[in-house]
Amino acid sequence: MPEETRGQPARAVDLVEEESGAPGEEQRRWEEARLGAAALKFGARDAASQEPKYQLVLEEEETIEFVRATQLQGDEEPAAPPSPTQAQQQECIQAVRRSLPVFPFREELLAAIASHQVLIIEGETGSGKTTQIPQYLFEEGYTKKGLKIACTQPRRVAAMSVAARVAREMGVKLGNEVGYSIRFEDCTSERTVLRYMTDGMLLREFLSEPDLASYSVVMVDEAHERTLHTDILFGLIKDVARFRPELKVLVASATLDTARFSTFFDDAPVFRIPGRRFPVDIFYTKAPEADYLEACVVSVLQIHVTQPPGDVLVFLTGQEEIEAACEMLQDRCRRLGSKIRELLVLPIYANLPSDMQARIFQPTPPGARKVVVATNIAETSLTIEGIIYVLDPGFCKQKSYNPRTGMESLTVTPCSKASANQRAGRAGRVAAGKCFRLYTAWAYQHELEETTVPEIQRTSLGNVVLLLKSLGIHDLMHFDFLDPPPYETLLLALEQLYALGALNHLGELTTSGRKMAELPVDPMLSKMILASEKYSCSEEILTVAAMLSVNNSIFYRPKDKVVHADNARVNFFLPGGDHLVLLNVYTQWAESGYSSQWCYENFVQFRSMRRARDVREQLEGLLERVEVGLSSCQGDYIRVRKAVTAGYFYHTARLTRSGYRTVKQQQTVFIHPNSSLFEEQPRWLLYHELVLTTKEFMRQVLEIESSWLLEVAPHYYKAKELEDPHAKKMPKKTGKTREELG
DNA sequence: GAGCACTGC
């Protein structure tokens with residue numbers, strides 16, 4: 001565990017001082033100095049009633065002092081939902097519908113929708129807005145003229161489960177009147193009038209129906225999450241609403257930011273619906289913690305010994321940290337032995353194999369306590385029953401994008417207030433709960449951002465720009481963004497699209513650009529797929545494209561079998577580079593009959609492979625639309641490599657005396673140590689992506705010849721810049737092409 | 001010789 005990911009930046013002063021007024025600057029500095037020395041030396045004055053009991057178990061240095069500061073307001077006590085028996089099912093369902101917080105507002109809400117084109121609906125989870133409002137609209141006749149109601153969700157599972165629930169409530173078969181539409185799966189039919197879908201799916205629908213003519217209502221749900229797709233939808237829907245006055249637009253969001261949504265939609269009214277949730281007491285540490293991982297472990301034990309029954313949810317930033325924390329917890333429990341009750345320690349993160357993930361949902365055995373150690377996955381994507389305590393160190397990993405270098409990085413960042421409150425809310429779903437924050441109240445007030453930076457400002461926008469262009473939006477710099485992306489991000493995207501031949505010099509979409517927009521992948525991948533027609537290798541290129549779009553690592557590397565896993569990986573190596581290795585893995589997996597056993601034996605992630613297969617099938621289905629025929633290179637990998645080069649000539653690097661430099665920007669870059677070419681050092685190569693971790697790494701690299709660049713992109717490269725002035729001075733063992741090495 | 005937050009088309 002690298003030290004820098006564990007150290008928490010000092011960022012606060014003592015809460016007690018804060019309460020008696022803002023401390024003077026001098027006092028602050030003194031306190032900061034003092035706190036720096038005093039980390040982790042706190043008494044145990046809190047929870048005084050239980051003090052004697054746990055001091056017998058934990059040493060005094062092993063406890064952390066928390067101060068109760070605020071309470072996350074609960075709403076009125078919820079009526080226990082009636083538990084339906086088979087016979088009374090429909091009646092029960094209607095009773096449950098009537099018991100939802102949104103129900104008393106039904107008429108008022110419908111009236112507001114009738115008199116306003118755009119309505120912002122503010123409501124917390126549990127208000128019933130997602131399941132009920134579309135039903136109200138249906139009952140009110142909004143789907144009578146053969147028109148549909150769309151309700152978008154940021155996640156696939158949400159779209160599926162909400163649709164299933166609504167179908168049950170309406171007593172219809174899922175896929176008939178009520179359906180869902182997500183990538184790889186369309187569960188709708190001619191009869192479908194309530195359509196739950198992912199936000200990205202509705203965005204794609206603009207390509208075939210730019211005016212959304214078949215919809216009478218569009219409801220953008222969970223708008224506060226500000227996903228990239230939701231943000232683009234805002235701009236497009238606002239525009240459509242202007243020339244379709246009969247279209248109703250609903251923007252549903254948590255309490256956050258509704259005023260901004262309202263302003264964006266020309267001061268649309270905000271309709272508030274109360275939520276339903278139990279109160280959560282918020283505790284802060286009295287002083288900052290230097291080592292938050294250690295502080296987490298100590299706090300969990302402290303909760304375990306001093307607090308009444310109820311499971312604990314801990315938020316950490318990533319797999320490595322979670323594994324470390326779980327080990328530390330289990331270690332200490334073992335040492336404490338029978339002095340404490342049983343503590344079940346369970347990790348959860350997206351890359352954890354499904355059977356391990358399922359364990360967190362098993363009920364806690366009587367007398368024991370469950371601790372779930374999670375990434376942000378537990379913040380929105382999944383809900384664990386029985387959580388009463390949340391432990392929040394206040395960090396998360398966040399992607400950021402530097403448009404000047406085109407480089408992505410993933411860094412540990414303090415989370416926003418919004419995120420901290422979302423985490424705290426996880427403690428109040430079944431009963432009143434407690435949230436322990438491993439930072440001070442002062443830090444919360446003064447150092448955390450209000451909200452997380454929206455995704456649109458942290459990501460590359462190549463395919464978004466391509467999509468908008470193909471919708472006829474030419475002036476992107478003046479597109480109506482709720483929060484505009486950095487100017488440089490748009491500029492780089494336009495520049496790359498121009499280089500790829502998707503845009504002409506007037507910035508208009510070309511024929512090839514129009515085709516590229518049809519494929520749901522990044523522009524360079526799109527271009528590569530189009531180029532496979534010329535090199536007669538679309539079968540192989542589809543596989544490469546699918547494998548590259550699975551951004552998880554394909555290879556599984558468990559800690560206890562590192563040597564085996566690395567051997568398995570090396571066995572897939574083929575001369576030429578990583579794209580061919582990916583092709584090799586997929587081909588062998590296909591030959592095994594897409595077997596999960598094969599994946600297990602070869603240390604390959606089954607889930608990633610299944611996803612690659614889904615992507616590949618979808619892309620194959622779209623080939624006809626972009627006029628590419630199915631063809632195979634029959635083992636002539638030069639053709640595959642040339643087709644890849646036709647898409648990725650913008651991402652090239654050459655070996656110089658001082659290592660690799662990108663050809664155009666002259667940035668110093670390195671081959672990633674996991675690459676099959678790590679020890680080869682070819683003279684010319686292309687890379688799939690640049691990532692900044694400990695260095696500027698090229699991930700997924702392929703050896704190429706400089707002459708191919710002139711072949712595939714004569715408009716972009718001139719022969720002169722591809723001459724290699726240092727070729728003869730290169731050391732003998734490096735800088736040779738594979739052909740020379742034999 | 002490094003390291004993979006989470007989504008989505």
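Below, chain A is the first sequence line, B the second, and so on; all start at residue 1.
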Categorize [X] for me: base, sugar-phosphate, or nothing, with a 4.0 angstrom heavy-atom threshold over every strand shown.
X        : result
A:Thr375 : sugar-phosphate
A:Phe184 : nothing
A:Arg699 : sugar-phosphate
A:Asn376 : nothing

(Q) Between A:Phe395 and A:Tyr292 (judged by ring centroids, cut-off 6.0 Å), do the two rings come close enough to count as a pair? (A) yes
Is [X] near enough to [N] that one of its side-chain N or O atoms lies under 4.0 angstrom from OP1 or OP2?
X        : N     : value
A:Thr380 : B:dC6 : no
A:Thr317 : B:dA5 : no
A:Arg156 : B:dC9 : yes
A:Arg204 : B:dG8 : no

Q | Min side-chain heavy-atom separation A:Arg226-A:Leu482 under 4.5 Å | A | yes
Quick check for you: among [options], whose closest atom lies nearest to any side-chain atom of [X]?
X        : options             : result
A:Thr198 : B:dC4, B:dT7, B:dC9 : B:dC9
A:Arg155 : B:dA2, B:dC4, B:dG8 : B:dG8
A:Pro673 : B:dG1, B:dA5, B:dC4 : B:dG1
A:Arg183 : B:dC9, B:dA5, B:dA2 : B:dC9
A:Arg569 : B:dC9, B:dA5, B:dG1 : B:dG1
A:Leu410 : B:dC4, B:dC9, B:dT7 : B:dC4
A:His672 : B:dC9, B:dA2, B:dC6 : B:dA2
A:Glu455 : B:dA2, B:dT7, B:dA5 : B:dT7
A:Ile377 : B:dC9, B:dA5, B:dC6 : B:dC6

Q. Are any of the side-chain nitrogens in A:Asp221 or A:Lys129 under 4.0 Å away from the carboxylate oxygens of its partner?
A. yes
Q | Electrostatic pair A:Glu620:A:Arg613 at N-O distance under 4.0 angstrom | A | no
Q.
Within 45 degrees of the ring normal and closer than 6.0 Å to the centroid, is that where the cationic atom of A:Arg437 sits relative to A:Tyr444?
A. yes
